[in-house]
Protein chains: 4
Amino acid sequence: MFELDLRSRLPIYEQLVEKIKDLIINNVLKPDEKLPTVRELASELTVNPNTVQKAYRELEHLGFIYSVPGKGNFVREVAPEHNTARLQALENELSRIINEMLYLGTSPEEIDAQINALLPKDKGGNSNDSSPEG
Amino acid sequence: MFELDLRSRLPIYEQLVEKIKDLIINNVLKPDEKLPTVRELASELTVNPNTVQKAYRELEHLGFIYSVPGKGNFVREVAPEHNTARLQALENELSRIINEMLYLGTSPEEIDAQINALLPKDKGGNSNDSSPEG
Amino acid sequence: MFELDLRSRLPIYEQLVEKIKDLIINNVLKPDEKLPTVRELASELTVNPNTVQKAYRELEHLGFIYSVPGKGNFVREVAPEHNTARLQALENELSRIINEMLYLGTSPEEIDAQINALLPKDKGGNSNDSSPEG
Amino acid sequence: MFELDLRSRLPIYEQLVEKIKDLIINNVLKPDEKLPTVRELASELTVNPNTVQKAYRELEHLGFIYSVPGKGNFVREVAPEHNTARLQALENELSRIINEMLYLGTSPEEIDAQINALLPKDKGGNSNDSSPEG
DNA sequence: GTGGTCTAGACCACG
DNA sequence: GTGGTCTAGACCACA
């Protein structure tokens, strides 16, 4: 499914949260799909079941999954009520990162180019055109 | 100068690192400017001097300040040798954030607009220049 | 394991850094091997655990060990990204030392001989190999 | 005469010791030559006279200069009695540095080449190297 | 039980 | 008076 870095400073349960969050965001795990049980995932990753349990509880708190007692844990459709606060936090992070990149010498043009490479471009409506050849 | 959240999960010394880093990046603290002494800042924030000391030491490791024993701590000019690895980390964070914003429903156009608002415009008026008039 | 000079001008934690660095460099402590716990080493050397902690943190910054909270501290494989600046510093030290040895009357031939004694010989017999028989 | 780095972690008086030691070793300051007075040097470098005084006392202790009360400080000819202990210390440093360079990936051949570049080659009696001109 | 953080308070080197 | 080091002892998060 994925790998953990046991040497990382990040606690294992936080790594788990990030990995599973990524799978949900990138639609690998689809809405209402069942996640592995705590025991399954724990034995597969050879970590303590308590650690997986903690990650699942955190994901539930973040609004990415829901738990049905006796049934298991399932992917939750994106919940609008969580969005505003979360988006505000993300925008703050975004601002912090951009400022630090500028401070370290990355040019505004380069930052803009990097971000446009990350954004999907399947629509025609883009205001400032990126150079077509390259 | 700024405030700490003593209830936060982030250790106090890391909050200090982030806050001071921000002040340096945003040019509130200028190169070679003297930071508050360890004891001053500790008493102002009502934390232990060792905690401030630890934050200052970390900022020194990160290349943001330098310490002159017996004199004080001072803002360091941006050190290019620290940049490459740091920029790579920032780009990874950037990617993660953009993906999560897209997942939460922010349109690519809106993200692009937000980021352009964060970047300095080289087209015309420069807003954050040092004000020439008194 | 080793001894400290409590009367030395060098801070205890820096002596610790040097000693452990030496053990790693000379392959006494091998990659991914577990170091003594903070408390073990502190009690063995009769110094404060915080002092050992500080040394371990510094070794982590220098890229010699990595720390897994709740598990322990472990020897890190040599990290190439730290090398360039460090090698430059070592070459400067080398130059300083050679010049002072020459000043004090050591002949170039003798210096050359001493250094060749320190370098591994790729000509024939290898003395410090791991013993092939168990 | 020379410059100090006021931002360095090295105490100013130690920087002074190193700089003057270098001048003596490289024969810029010759035996029995008079050094600047404490006040002169202090005002030239804009440091505290106590700092210069401390450096001179340290140089005297190291055997590089001698002090004549009421007259000044003078360069001392190399004193053999200081050599043995000092040379032992230098050889230890040498060993430490070479081992660390090897650990960081520098090949024995490269180390040998670097050191030979530092050694004078004005004599013909060199055992293992090809010195082209005499 | 591990590393990590924090406090309180002492002492030292430096300039 | 500054930063730096060290001790003693407490509490917390993680696995």
Side-chain angles (χ1 to χ4, degrees), chain A residues 4 6 8-16 42 45-55 58, chain B residues 4 6-16 34-42 45-58 60 65-74, chain C residues 4 6-16 34-42 45-58 60 65-74, chain D residues 4 6 8-16 42 45-55 58:
Chain A
L4 296 174
L6 299 181
S8 166
R9 301 296 297 261
L10 245 67
I12 293 176
Y13 87 94
E14 282 193 28
Q15 290 184 50
L16 267 169
L45 299 172
T46 59
V47 298
N48 193 305
N50 291 336
T51 307
V52 177
Q53 180 71 299
K54 190 166 187 175
E58 180 74 8
Chain B
L4 295 175
L6 298 181
R7 286 173 295 177
S8 166
R9 310 272 305 234
L10 247 67
I12 295 176
Y13 86 96
E14 281 195 27
Q15 292 183 49
L16 269 168
K34 189 173 180 296
L35 296 167
T37 70
V38 171
R39 290 162 170 84
E40 272 172 19
L41 193 50
L45 300 172
T46 58
V47 297
N48 191 284
N50 285 336
T51 305
V52 176
Q53 175 81 301
K54 195 171 184 175
Y56 276 9
R57 174 62 65 102
E58 182 71 14
E60 193 181 13
I65 70 174
Y66 61 91
S67 172
V68 183
K71 287 294 187 180
N73 290 276
F74 302 86
Chain C
L4 296 175
L6 299 181
R7 285 174 294 179
S8 166
R9 309 272 304 234
L10 245 67
I12 295 175
Y13 86 96
E14 280 194 28
Q15 291 183 50
L16 270 168
K34 188 172 181 296
L35 296 167
T37 70
V38 170
R39 291 162 169 86
E40 273 173 17
L41 193 50
L45 300 171
T46 58
V47 297
N48 190 285
N50 286 335
T51 305
V52 177
Q53 174 82 299
K54 194 171 184 175
Y56 277 7
R57 175 62 65 102
E58 182 71 12
E60 194 181 14
I65 71 174
Y66 62 91
S67 171
V68 182
K71 287 294 187 181
N73 290 274
F74 302 86
Chain D
L4 297 174
L6 300 181
S8 167
R9 302 294 297 258
L10 247 67
I12 293 176
Y13 87 94
E14 282 193 29
Q15 290 185 50
L16 267 169
L45 299 172
T46 59
V47 297
N48 194 305
N50 290 335
T51 306
V52 177
Q53 181 69 301
K54 190 165 186 174
E58 180 74 8

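The chains referred to below are lettered A, B, ... by the order of the sequence lines, with proteins before strands, and numbering in each begins at 1.
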If pairing means Watson-Crick or G-U wobble with both distances under 3.5 Å, then the partner of F:dA8 is E:dT7

Closer to the 5' end of DNA chain F via nearest nucleotide, is it C:G70 or B:S67?
B:S67

Side-chain N or O of A:N48 closer than 4.0 Å to phosphate OP1/OP2 of F:dC14
no

Under 4.0 angstrom, heavy atoms only, what part of the nucleic acid is B:Y13 near: base, sugar-phosphate, or nothing?
sugar-phosphate

Between E:dC6, F:dG3, F:dC6, spot the one nearest the side chain of B:V38, thanks.
F:dG3

When the nearest nucleotide of DNA chain E is assigned to B:P49 and to D:E14 on a heavy-atom basis, which residue is associated with the more 5' position?
B:P49

Rounded to the nearest Å, what distance is computed from the CD1 atom of residue C:I65 to the C1' atom of nucleotide E:dG3?
11 Å

Which atom pair, heavy atoms only, marks the closest approach of C:S8 to C:Q15?
CB-NE2, 3.4 Å

Say you draw a straight line from OG1 of B:T37 to OH of B:Y56; how long is it, rounded to the nearest 0.5 Å?
7.0 Å

Note: B:E60 and B:S67 closest approach over all heavy atoms is OE2-N, 3.7 Å

Using a cut-off of 4.0 Å on non-hydrogen atoms, how would the nucleic acid contact of B:N50 be classed: base, sugar-phosphate, or nothing?
base

In whole angstrom, give the distance that lies between atom CD of C:E58 and atom P of E:dG3.
18 Å

If each of B:T51 and C:P36 is mapped to the nucleotide of DNA chain E with the nearest heavy atom, which maps nearer the 5' terminus, i.e. the 5' end?
C:P36

Write down the distance between OH (B:Y56) and P (F:dT5), rounded to a whole number of angstrom.
16 Å

Calculate the interatomic distance between B:L4 atom CG and E:dC6 atom C1'; express it in whole Å.
13 Å

Please report the distance, rounded to the nearest Å, between CD in A:Q15 and P in F:dA13.
19 Å

If you assign A:L10 and B:G72 each to the DNA chain F nucleotide with the nearest heavy atom, which residue ends up on the more 5' nucleotide?
B:G72

What I'd like to find out is whether the side chain of C:R57 reaches to under 4.5 Å of the side chain of B:R57, using heavy atoms alone.
no

Quickly work out the B:L16 CG to E:dC6 C1' distance and round it to whole Å.
13 Å

What is the distance, to the nearest angstrom, from the NZ atom on B:K71 to the C1' atom on F:dG3?
12 Å

d(NZ, B:K54; C1', F:dT5) in whole Å
14 Å

Heavy-atom side-chain contact between C:L45 and C:L16 under 4.5 Å:
yes

How is B:R39 classified with respect to the nucleic acid when contacts are heavy atoms under 4.0 Å: base, sugar-phosphate, or nothing?
base

Phosphate oxygens OP1/OP2 of F:dT5: is one of them under 4.0 Å from a side-chain N or O of B:R57?
yes

Has C:Q53 got a side-chain N or O lying under 4.0 Å from the OP1 or OP2 atom of E:dG3?
no

B:I12 side chain reached by B:L4 side chain, heavy atoms, under 4.5 Å:
yes

According to a strict under-4.0 Å criterion, is D:R9 in side-chain N/O contact with OP1 or OP2 of F:dG3?
no

